[in-house]
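Sequence lines set the chain letters: A, B, ... in the order given, protein chains first and strands last, and positions in each chain run from 1. The structure displayed is predicted, hence computed values, not measured ones.
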Amino acid sequence: MSDRPPLLEIRGLRAAVGDLEILRGVDLCVHAGEIHAVMGRNGSGKSTLSKVIAGHPSYRVTAGQILYRGQDVADLAPEERARAGLFLGFQYPVEIPGVSNREFLRVATNARRLARGEEELDTFSFDDHLEQRLALVKMDPSFLDRSLNEGFSGGEKKRNEILQMALLEPAVAILDETDSGLDIDALRIVAEGVRQLAGPDNATVLITHYQRLLEAITPQYVHVMAHGRLLRTGGPELALELERRGYDWVDAEAGLGSREDVAV
Amino acid sequence: MTALPLRDPSSAGTDAAVSAGVDALVAQPYRYGFVTDIETEKIAKGLSEDVVRLISAKKNEPAFLLDFRLRAFRLWQRMAEPDWAAVSYPPIDYQDIVYWAAPRQQARKASLDEVDPVLLETFDKLGIPLTEQKRLANVAVDAVFDSVSIATTYREKLAEHGVIFCSFGEAVAEHPDLIERWLGSVVPIADNYFAALNSAVFSDGSFVYIPKGVTCPMDLSTYFRINSGDTGQFERTLIVAEEGASVTYLEGCTAPMFDTNQLHAAVVELVALDDASIRYSTVQNWYAGDENGKGGIYNFVTKRGLCKGARSHISWTQVETGSAITWKYPSCVLVGEDSVGEFYSVALTNNRQQADTGTKMVHVGPRTRSTIVSKGISAGQSSNSYRGLVQMGPRAVGARNYSQCDSMLIGDQAAANTYPTIRSQQPEATVEHEASTCRLSEDQLFYLQSRGIAFEEAVSMMVSGFCRDVFSQLPLEFAAEADKLLALKLEGSVG
C-alpha cells in the first residue's frame, strides 16, 4: 500500500437498524489511486456498508469510526459527506417525479463546487459542463429534461448515476451493485465510465456479487464480506476464486456456518 | 404523474425520522404578521338590518344595491351554516364581528401622493409597492386594506384601452349599470350561507371590465390585507370579459398574526362572453394560526366563473398556503358551447390547518371541456381534503372532463382526503378521474442529500416537483413567488 495517508479508513465499524446489528466490525483502508471490490452474498451487509458510509438515517453507528481524510464523518449529515467528496452510486436509484434531472444535476454540482471553493455555475455554463460529461456515459440528452429517474430503465438509471459521479468528481466513490440489472452493452458503458473517472487522486469501491464487472474494471484489492464483516482480502485472483468456488469456503475458513446471513 | 410507492409498514420506524426532521423545519415564521398602527374607523360589532343599511349608506350606494343587500340579509337569516365540509371549528358568533373598518382618511384620494404614507409603507413591506416609481412592472394593483380599497395603480393607462379596473365602490359610483347588470349573475345572493352573508355586508373589492375584442395590456392584481383583529373581510370581485376579450388576474392576501380568528368570506364572480378568456390566479397566504392551532383566518370563499359565451375560457389557479380553515371551491359553469373551464390547485396545510377545497365543473353546453389538477400537501397534524363535482347536464353532448387529484403526505400525523363526485345525465360525455397519494419518502430525501443537497432544500425540491403541473399555469413572477412561499412554509431557516 501507499505511504500516503488513506482517503477512507474504516475502523471496527458496527451499525444496526433498530435492534438488529448488521455491520459487526468492518475494517477497510482505501488510498488514492486504488480500486477496491467488496464481494459477498446477498444479505452479507455490503449495501448496508455503503449506506452507512454515506450516512443513511435508518442506520445507527454503534461502534467504530468512518475516517475520511483522517476525519471521522460518522456524525455528519449525508449532504455534508457528499459535499466533502464521498459518493454513493445507488443499487436502486429512486424516482423523484416532477424534479427535473437537469436542475437536480445543477444543484448537486453547485453544492459540491461551493464546498470546494469553486464558483457556482449558471444555467448556461452548467449546460456546457454537462455536455462534456454526457458523452462519457453515452446518455441521450433527452434524459436531462425528464423527471429524475422517473420511468428510466435500469440501465438508464445506472448511467445517470455515473453521470452524477462524473459531475461531482468525488474523492471516494462507492458503487453499490452498479452492474446489477444491466445488459452487456450498458455494463460496458458503465464500466468504461468508471474506468475513465478513476485516477491517481481518487479511489473507487465497487460492491458486487458477480465477477463480470471486475472483468471490465480490475481492482487491486478484493474483499469478501460475510456476516457483517470483511472476512478476507486478496488481489484480483480472489474474485476469480469466488466465481469458481462460491462463497461457502470463505465461511468455512472463517469458522462460520454458511447461509446465516440476515436479509438486508 | 405516477404514484410513488407508499412505504411498507415494516419501515414505519424510519418514517418517524422523516417526521422529526420535517417537524424541525415547520416551525416557520410568518413574515407578514405585523399590524399597521393606523387610526381606524370602525362601526360597532354585530349584524342587523341597520348595520346593512349603515354600510350601504357609508358607501352612498344606489337603491338597487341596498335592495340587493337587504334581500341577501333576509335570506341569510333563514339559512344555516353548512356543516358538510371536513373541517371543525368552534361556532362563529356573527354578532361578535365588526362588519366595517377603514383607515381614517378622507374618502378616496385623487392621487397616490395623498394616500397615508403609513398605508403605502404597509404595502411596501408586503412587497406590493404602490408608489409611481416603484410600481410592479406591467402589473396593475388594486390594494384593499380591511374594508376599503386604498389605491389602484395604472388606471389611466388601462383606461386608454377601455379597460376598467377600480375598486368595487368606485365601480358602483361610476358604472352602476354594469354592476346592476352583472352583480349576482354568477353567484346568486342565496347561493350558500357565506355568499349570502357577503352579499349583505360586502365592503369593497375589485371590478374589472374588459371591452369587446380587447386583450388587457397588463396583468391585473388585487392585494387583500386584513389589519384589524376583530374585523371580518367581505370583499367582492367581479370580472366581466366581453366578446373576444382576455385578461389575467392575480390575487394575493396576507393578514397579521392575532391569537383570535378572523372571518374572511369573499365572493368572486367571473363572466366570459363569446371567445373571451379569463385566467384568475390566487396565492393565498392568510395567517394560518400558530403550531397549536390558535388564531388564523377562517376563509369561507365562493368563487365561480360563468363561461356564458361560446368558446369562452375560464381558468382558476390557486396556491393555498394560509388560513386556519379553508372552505373554497372555485368553479366553472360551462354554458357556451365549446367553452373551457380549468382548475389548477396547490393546497398546503401544516400544523393544525384544515383545508376543504376543490372545484365544481358544471357542463351545460355541448362539447364543453374541463380540466382539474389538484395537488394537496399535508404536513404536521393538518387535514387536507379535495372535494369536487363534475356534472354533465343533458345538453352536454361530447363534453369532456379530466381530473387528477394527487396528495402528498409529509410526516406521519397529517391527513389527506379526496371526495370526488361525478354526475352525468349525458351518455355522450366523458369523465376521467385519476387520484394518487404519496408520502415524501426517506429514501428520496436521502438520495438528494447524498448528492450534497441539504435536507430543507431536498424537501422543497420534491414539493415543488410535486406541484409543477400547477405552477406551470401561474404567470411567471407568481410561479417563482409560489415556489418560494411553499419553501418558506416548510423551512425553518428562511425568513
Out of curiosity, [X] [atom1] to [Y] [atom2], how far, rounded to the nearest 0.5 Å?
| X | Y | atom1 | atom2 | result |
| --- | --- | --- | --- | --- |
| B/L448 | A/E79 | CG | CD | 10.5 Å |
| B/L445 | A/I96 | CG | CD1 | 7.5 Å |
| A/R83 | B/R451 | CZ | CZ | 14.0 Å |
| A/H56 | B/S450 | NE2 | OG | 9.5 Å |

For [X], is it the side chain, the backbone, both or neither that has a heavy atom under 4.5 Å from a heavy atom of chain B?
| X | result |
| --- | --- |
| A/N110 | neither |
| A/L168 | side chain |
| A/T109 | neither |
| A/F104 | both |
| A/P170 | neither |
| A/L148 | side chain |

Discussion item. If I compare all heavy atoms of A/V99 with all of B/M462, which pair ends up nearest, and what's the gap?
Written reply: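 Where A/V99 meets B/M462 most closely, the heavy atoms are CG2-CA, 4.1 Å.
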Worksheet item: Minimum heavy-atom separation for A/A82 to B/Q449, with atom names?
Response: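 Taking A/A82 first and B/Q449 second, the nearest heavy atoms are CB-O, 4.0 Å.
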Worksheet item: Side chains of A/V94 and B/F446: closer than 4.5 Å at any heavy-atom pair?
Response: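 A side-chain contact is absent here, since even the closest heavy-atom pair is not under 4.5 Å.
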Within 6.0 angstrom of [X] [atom1], more than 12 heavy atoms from elsewhere:
| X | atom1 | answer |
| --- | --- | --- |
| A/Y92 | OH | no |
| A/D75 | CG | no |
| A/E131 | CD | no |
| A/Q71 | CD | no |
| B/R400 | CZ | no |

Residue among [options] with most heavy-atom pairs under 4.5 Å to chain B:
| options | value |
| --- | --- |
| A/R112, A/E80, A/E161 | A/E161 |
| A/G55, A/A84, A/S147 | A/G55 |
| A/A111, A/A108, A/A77 | A/A108 |

Discussion item. Check the orientation of B/Y447 and A/F90. Use parallel for under 30°, tilted for 30 to 60°, and perpendicular for over 60°.
Written reply: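 It falls in the tilted class, 30° to 60°.
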